[in-house]
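Following: one structure in structure tokens, then a few remarks.
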Number of protein chains: 2
Amino acid sequence: MDVKTLCLGALTERDLTGYEIKQHFEEAYSHFFVAGYGSIYPALADLTRRGLVCCTSVPQEKRPDKKVYSLTKTGRDALIAELMATPPRHKVRSEFLVLMVFAHLLPPEKVAEIAEAMVAQWDALLTSIDQCMSEDQGCFSPGMRFAIGYGKTVVGAARSYVDDNKEQLIATIQEETASDEAAD
Amino acid sequence: MDVKTLCLGALTERDLTGYEIKQHFEEAYSHFFVAGYGSIYPALADLTRRGLVCCTSVPQEKRPDKKVYSLTKTGRDALIAELMATPPRHKVRSEFLVLMVFAHLLPPEKVAEIAEAMVAQWDALLTSIDQCMSEDQGCFSPGMRFAIGYGKTVVGAARSYVDDNKEQLIATIQEETASDEAAD
DNA sequence: CTCAGCATGTAATGCGTTACATGATTGA
DNA sequence: TCAATCATGTAACGCATTACATGCTGAG
């Protein structure tokens, strides 16, 4: 599964431009999938070439044309086939946790700064998840609600864990730093 | 930050072979960083060339030589510089949640199967985290303990959320499927 | 006899990230 | 006037995944 699949998925709800698909990624999918213009536009071009979406140029006043994409029947079938064939994976790559693992090699103030920055990032993410949830006027799919609930729960748990345990970690490495210096 | 940094990090504890580094990734880092031989061996070769690690061939009985890597002073400094310069990121890419978002396009039994498979994967991960924790004879860094605690908490929360909410999701899409068919 | 574990690597391919490139409008 | 928003794309680079390639040992 790649960005193409997500583009097809986004188009099941309604027709969208590439730009709007990017927004969609940032709003609704941000806590579990990221994609930038550099992936989305080439994906859309490829999907058009393969007939899975079709593209209509809509002239606009005072703006260049926009390209509105819509899902074809073939595209819908391809999406379902792709979903049926996708094994459920969930990958995390956390440079933050790597930094924490080697916290004892860093100045304690730096560790505190890193932990606070991470908590702030998660707070921002939680705010955007809440906002997303409040925009649901019965129009979200049940799965979308499930994913939003997941985000609130799991990102919330991560945020709290770090917030609750960072002081302890910093205190421990501070002790170690002190005893290392005494040993010199 | 890339696989190279993690290799340097692993070598702060003790000298290791490429094979052992891979084990290390699977045991201690599995819930937040993945790397295979195809990344580790080239990384080690590059680090050796740049003088950040040094490599000793150890002849073995009844086995080919193994290459034991150790961190040089330069390597240690480079690791710390790299850590200091790394902004704390935490990226999730969940094909599982994508599948859930589009659950209404799939047969309910398939959705159940996917959710159960994910829960089973997380159970396996939790088991390996627990095993890792039980192997700590006071030899882990405080940061490693922090990361393990994080894993237990957050993976546990994910597992529970999915286990507690999957029935509800499946029930909802079953209703929808039924009313869609009635409409036909 | 077969499978799992130890042990090291290469090569191709695919994918995403990042930076680059453009340009009009609107609100502060 | 400056930044943000709308809007679309290309190109280079880096990185990881995957498959391939090899070969011995010990346990069951």
Side-chain angles (χ1 to χ4, degrees), chain A residues 1-8 10 15-27 29-30 32-50 53 55-69 82 86-87 89-95 98, chain B residues 1-8 10 15-27 29-30 32-50 53 55-69 82 86-87 89-95 98:
Chain A
M1 179 187 305
D2 56 11
V3 175
K4 282 166 205 155
T5 316
L6 268 281
C7 289
L8 291 176
D15 296 354
L16 296 163
T17 66
Y19 189 81
E20 287 170 324
I21 289 176
K22 172 77 191 321
Q23 315 267 287
H24 214 273
F25 271 87
E26 268 164 11
E27 284 155 21
Y29 305 151
S30 59
F32 61 89
F33 211 99
V34 290
Y37 293 123
S39 317
I40 293 168
Y41 284 116
L44 253 12
D46 188 59
L47 292 170
T48 306
R49 196 173 44 70
R50 290 195 293 155
V53 299
C55 165
T56 317
S57 268
V58 175
Q60 297 184 110
E61 283 167 34
K62 311 207 183 189
R63 282 199 186 281
D65 291 7
K66 59 176 170 183
K67 291 185 174 180
V68 179
Y69 293 89
E82 176 75 30
T86 300
R89 285 200 226 162
H90 183 90
K91 220 179 286 181
V92 176
R93 187 189 184 105
S94 179
E95 294 173 0
V98 175
Chain B
M1 178 189 303
D2 55 13
V3 175
K4 282 167 204 153
T5 315
L6 268 281
C7 289
L8 291 175
D15 296 352
L16 297 164
T17 66
Y19 188 82
E20 287 170 322
I21 289 175
K22 171 78 191 322
Q23 316 267 286
H24 215 274
F25 271 86
E26 268 163 13
E27 284 156 21
Y29 305 152
S30 60
F32 61 90
F33 211 99
V34 290
Y37 293 125
S39 316
I40 292 168
Y41 284 116
L44 252 12
D46 187 60
L47 292 170
T48 306
R49 196 173 43 71
R50 291 195 294 155
V53 299
C55 166
T56 317
S57 268
V58 176
Q60 296 182 109
E61 283 167 34
K62 313 207 180 188
R63 283 199 186 281
D65 290 8
K66 59 176 170 182
K67 291 185 174 181
V68 178
Y69 293 91
E82 177 75 29
T86 299
R89 287 201 226 160
H90 184 88
K91 222 178 287 181
V92 176
R93 187 189 183 106
S94 178
E95 295 173 1
V98 174

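Numbers restart at 1 for each chain; the letters A, B, ... are given by sequence-line order, proteins then strands.
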Exercise. What residues, two or more places apart in sequence or in another chain, satisfy side chain to side chain contact (heavy atoms under 4.5 Å, CB included) together with A:T17?
Worked result: A:Y19, A:E20, A:K66, A:V68
Problem set entry | Those residues that, when tested against A:T56, pass side chain to side chain contact (heavy atoms under 4.5 Å, CB included) (two or more places apart) | none
For this session: Check whether any side-chain heavy atom of B:F25 lies under 4.5 Å from a side-chain heavy atom of B:L6, and answer yes or no.
Result: yes
Exercise. Are any non-hydrogen side-chain atoms of B:D15 and B:Y69 less than 4.5 angstrom apart?
Worked result: no
Problem set entry | Sidechain-backbone polar pair: B:T86 side chain, B:E82 backbone, donor-acceptor under 3.5 Å | yes
For this session: Work out which heavy atom in B:A10 is nearest to a heavy atom in B:H24; give both atom names and the distance.
Result: CB-ND1, 4.4 Å
Anything under 3.5 Å between a protein N or O and an N or O of nucleotides 5-12 of chain D, put it in a table, one pair a line.
| residue | atom | partner | partner atom | Å |
| --- | --- | --- | --- | --- |
| D:dC6 | OP2 | A:Y19 | OH | 2.8 |
| D:dC6 | O2 | A:R63 | NH1 | 3.4 |
| D:dA7 | OP1 | A:Q60 | OE1 | 2.7 |
| D:dA7 | OP1 | A:Q60 | NE2 | 3.4 |
| D:dT8 | OP1 | A:K67 | N | 2.9 |
| D:dT8 | OP2 | A:Y19 | N | 3.1 |
| D:dT8 | OP2 | A:Y41 | OH | 3.0 |
| D:dG9 | OP1 | A:K67 | NZ | 2.3 |

For this session: Compare side-chain N and O positions of A:S39 against OP1 and OP2 of C:dC15 and report whether any pair is under 4.0 Å apart.
Result: no
Round to a whole Å and report the spacing from [atom1] of [X] to [atom2] of [N].
| X | N | atom1 | atom2 | result |
| --- | --- | --- | --- | --- |
| B:M1 | C:dT17 | CE | C1' | 17 Å |
| B:L47 | C:dT8 | CG | C1' | 16 Å |
| B:K22 | D:dA16 | NZ | P | 14 Å |
| A:F25 | C:dT17 | CZ | P | 10 Å |
| A:K91 | C:dG16 | NZ | C1' | 12 Å |
| B:I40 | C:dC6 | CD1 | P | 15 Å |

For this session: Taking ring pair (Phe, Tyr, Trp, His ring centres under 6.0 Å) as the test, write out the residues that go with B:Y41, two or more places apart.
Result: B:Y37
Problem set entry | Test salt bridge (Lys or Arg N to Asp or Glu O under 4.0 Å) applied to A:D46 - qualifying residues, sequence neighbours left out | A:K4, A:R49, A:R50
For this session: Note down the inter-axis angle between the two ends of the helix from C:dC1-D:dG28 to C:dA28-D:dT1, five pairs each, to the nearest 10°.
Result: 50°
